[in-house]
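Within every chain, numbering begins at 1; the chains are lettered A, B, ... in the order of the sequence lines, protein sequences first and strands thereafter. This structure is a prediction, so every number in the text was calculated from the model and none was measured.
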2 protein chains.
Amino acid sequence: MVANSLRARVRAEMIDEIKAVARRHLATDGANLSLRAVARDLGMASSAIYRYFPSRDDLLTTLILEAYVALGDAVEAADDAVDRDDLRERWFAGCRAARAWALANPAEYALLYGSPVPGYAAPDDTVEPAMRPPLTLIGIVRDGLAAGQLTPPPAADLPQPVRDDLADIAASLSPGMPAALLARGMAGWTQLFGLISFELFGRIKGGLPHRDDYFDHQIALMADLIGLPR
Amino acid sequence: MVANSLRARVRAEMIDEIKAVARRHLATDGANLSLRAVARDLGMASSAIYRYFPSRDDLLTTLILEAYVALGDAVEAADDAVDRDDLRERWFAGCRAARAWALANPAEYALLYGSPVPGYAAPDDTVEPAMRPPLTLIGIVRDGLAAGQLTPPPAADLPQPVRDDLADIAASLSPGMPAALLARGMAGWTQLFGLISFELFGRIKGGLPHRDDYFDHQIALMADLIGLPR
DNA sequence: AACCTGTCAAGAGCACTGCTCTCGAATTGG
DNA sequence: CCAATTCGAGAGCAGTGCTCTTGACAGGTT
């Protein structure tokens, strides 16, 4: 099957090339990139693209999926590179990695976390990769609880219905995780997403030159809220 | 000028009708609504639309601007309806109003706070209306400080560069507003945006049936962070 | 070496888009 | 009443996603 694998290899290279060019177009055209333009850049007929991707949405889905994986990898790698016991530094590393990836790949970030493409429905394959970044951050909180470095907030803070909802999720993530703590971890993730989005989508005030420091401080606020020891 | 005003009135009605139909299409097609489809719904030729809006982007800009105003009005009205001295309740009212407006007008919210439309650049007219919702919330914090109900966080929390940046902004908003307090108010606004976006863009998914309560709790967390008295 | 068979690129074509221009028709102000 | 302005409709251009057909090529088999 060596001969067949040659053909398969050429095909794989072609797919990679299409994705690379499409990613480049993504940076300028966003979600409405043109298949024909990609084909033009590759010097091929637009119809030839359909040999490799059944539709434009399918190409987009592939890019989205790979972007989720890339972001997840970046956050996880940053977390892994820090002393496991230094929870606060792990939190900072994970959040900073997410922001750095977003700033380096703004179009892909917009594709993941911007407004959903109208006709487009995310297939099920994307939900698991999409959960990885937040789960990595929640994992830091979980470790802190397990290590006794973190005292959970009073459960009375949580209204009963939310406590029940979150208790189910918490149990599936990590046995013994208090709902109130999970709520604060989710708040941290929400804040991270908001911070990056505001910065990337240009809705941040003009007079904020020291964005890195601002980001760090806002992230520190959430670390305090979660209870990560200084 | 009565005769002229007849034509002007018809024209104004026509513009309103176009905007209304466009808003309806926005709900299904998002940012890539079709001028031709709008024209079809109105029973007119597509070229006729150009008598009223110079381009599709211009129509979108009008919708965006009016959406900002609507959201700003909703938040302000909710804030105004609450006893001025009950800061926490004002915070809740403002945040809930923003969420309610977003849930009622998801497409418009996506247009305002989703990923920016690729080729589209927001004109200057939009920045002032865009600032109204966050400024209303910051105003609550300012009032709390002025009334002495709110003790500002220690300035040492803020790294020097951020303190300087925020001090400039704070001074332009309200004299005497501490930078550290402004930072927390901005964190609250960021969190609000993140919460609404996650809920609206479907990234919260299953396992959280009591969304209202969840939202309230997350907002309460930020109220605590800001220091709004219970 | 000759012969199928599956794969591929290309072209034509359909329905759609934003936008421009022109041409009559209607309305308005003088 | 007439000239000037405004308006709607139609044709047309360049672009889009996508489908279908046609012809060329390489793979493995006989």
Problem - Derivation and outcome, side-chain contact (heavy atoms from CB on, under 4.5 Å), residues A:Met177 and A:Ile169 - result: CA-CA 9 Å; A:Met177 164 89 85; A:Ile169 303 177; over 6 Å; no

Using whole Å, report how far [atom1] of [X] lies from [atom2] of [N].
| X | N | atom1 | atom2 | result |
| --- | --- | --- | --- | --- |
| A:Glu13 | C:dC8 | CD | P | 13 Å |
| A:Arg9 | D:dA26 | CZ | C1' | 14 Å |
| B:Arg11 | C:dT28 | CZ | P | 14 Å |
| B:Ile49 | C:dG18 | CD1 | P | 10 Å |
| B:Met44 | D:dG10 | CE | P | 12 Å |
| B:His25 | C:dT17 | NE2 | P | 10 Å |
| B:Asp41 | C:dT17 | CG | C1' | 16 Å |

Practice task
Would you sort out whether B:Phe193 and A:Phe193 count as a ring-ring contact (aromatic ring centres under 6.0 Å, His included), showing the intermediate values?
Solution key: CA-CA 9 Å; B:Phe193 156 77; A:Phe193 155 78; 5.7 Å; yes

Handout entry: Sequence-aligned protein contact record of nucleotides 15-24 of chain D, with B where the base is within under 4.0 Å of a protein heavy atom and S where only the sugar-phosphate is
Key = -BBBBB----

Problem - Set of residues satisfying side chain to side chain contact (heavy atoms under 4.5 Å, CB included) with respect to A:Val75, sequence neighbours excluded - result: A:Leu71, A:Ala98, A:Thr136

Exercise for the section: Describe, in one word, how the ring planes of B:Tyr113 and B:Trp189 are oriented to each other, choosing from parallel (under 30°), tilted (30 to 60°) and perpendicular (over 60°). Expected result: perpendicular

Exercise for the section: Report yes if some heavy atom in the side chain of B:Tyr52 is under 4.5 Å from a heavy atom in the side chain of B:Met14; otherwise report no. Expected result: yes

Exercise for the section: Is it possible for you to check whether B:Arg96 lies under 6.0 Å from the centre of the six-membered ring of B:Phe215, through NZ or CZ, and within 45° of that ring's axis? Expected result: no

Exercise for the section: Using a cut-off of strictly less than 4.0 Å, decide whether A:Tyr52 has a side-chain nitrogen or oxygen near OP1 or OP2 of C:dT7. Expected result: no

